[in-house]
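For reference, the structure is listed below as structure tokens.
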Amino acid sequence: MKYYVLFGPPGAGKGTQAGAMVQRYNLLHLSTGELLRAEIAAGTELGLKAKALIEAGSLVPDEVVEGMIAAKFKSASGVEGFLLDGFPRTIAQAEVLDNMVEEMGEAVTACISLMIPDELIRERIAHRAQIEGRADDARPEVVENRVRTYHAKTEALINYYRQAGKYHEIDGIGSIEEVRERIFSVMDQF
Ligand code: AMP
């Protein structure tokens with residue numbers, strides 16, 4: 001099984017590119033953000049707990065997302081691997097992920113990182129707010145907190161995966177098709 005980490009700041013295009021990636025490589029797309037929004041929409045206890053944090057642009061507790069991912073790993077079938085989108089977002093989550101895949105006798109295959117500068121993050125999210133209507137995209141102060149949270153807690157994962165020899169950075173600037181081809185040319189080697 002392949003275990004891909006799809007990494008990048010908010011608005012880098014992870015969700016946009018994920019569909020083509022899972023199709024080409026027969027992967028299961030696991031987006032913790034989407035899973036959390038589904039919990040909120042279904043009004044579950046987990047969703048209720050996560051809602052305020054997500055709408056403030058803060059991270060939900062590590063155990064919450066780790067539990068969701070572990071459950072999906074167990075129940076998946078008929079795929080050749082997983083595309084983890086928005087997970088891990090902290091070093092602690094990355095360590096837990098490494099342990100989870102190790103227990104299955106596997107390892108993280110690669111971290112595919114879509115990189116865009118901060119100015120473009122704000123522009124892309126403002127654009128997405130008009131299309132998708134996400135509560136955490138609409139308010140500038142929430143977007144700022146997500147950018148801050150990315151730099152404070154998530155960006156450190158670049159070094160984590162670099163040190164493991166698994167970090168592959170892709171320029172996220174360009175058309176959807178251009179970025180997709182860059183991603184494919186990296187993933188074709190695994
Ligand atoms: P996303 O759709 O990936 O932008 O995620 C939306 C929001 O869900 C984030 O701003 C966080 O509040 C929460 N979230 C998603 N993934 C994680 C994660 N791995 N760890 C903690 N919080 C997360």
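Just the heavy atoms: all of them, side chains too, but no hydrogens, waters or symmetry mates, feed the values below. Just so we're clear, the structure is a prediction, and the values are computed from it rather than from any experiment. Ligands are counted one by one from 1 in listed order, and the atoms in each one are counted from 1 as well.
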Taking only distance into account, with no hydrogens and no angle test, what donor-acceptor pairs under 3.5 Å do side-chain atoms of residues 36-45 form with protein atoms, sequence neighbours excluded?
{"from": "Glu39", "atom 1": "OE1", "to": "Thr44", "atom 2": "OG1", "distance (Å)": "2.6"}
{"from": "Thr44", "atom 1": "OG1", "to": "Glu39", "atom 2": "O", "distance (Å)": "3.3"}
{"from": "Thr44", "atom 1": "OG1", "to": "Gly47", "atom 2": "N", "distance (Å)": "3.0"}

- Task: Using side chain to side chain contact (heavy atoms under 4.5 Å, CB included) as the criterion, list what pairs up with Ala20, not counting sequence neighbours.
- Result: Arg180, Phe184
- Lys166 side-chain N/O to Val108 backbone N/O, donor-acceptor pair under 3.5 Å: yes
- Item | N-O pairing of Asp137 and Arg124 below 4.0 Å | no
- Query: From Met187 CE over to Gln189 CD, what is the distance, rounded to the nearest 0.5 angstrom?
  - Reply: 10.5 Å
- Task: Scan for salt bridge (charged side-chain N to carboxylate O under 4.0 Å, His left out) pairs involving residues 53-65, sequence neighbours excluded, and state none if there are none.
- Result: Lys51-Glu55
- Chain-and-number sorted residues having a heavy-atom contact under 4.0 Å with ligand 1 are Thr32, Gly33, Leu36, Arg37, Ile54, Ser58, Leu59, Val60, Val65, Gly86, Phe87, Arg89, Gln93, Arg134, Asp136, Arg146
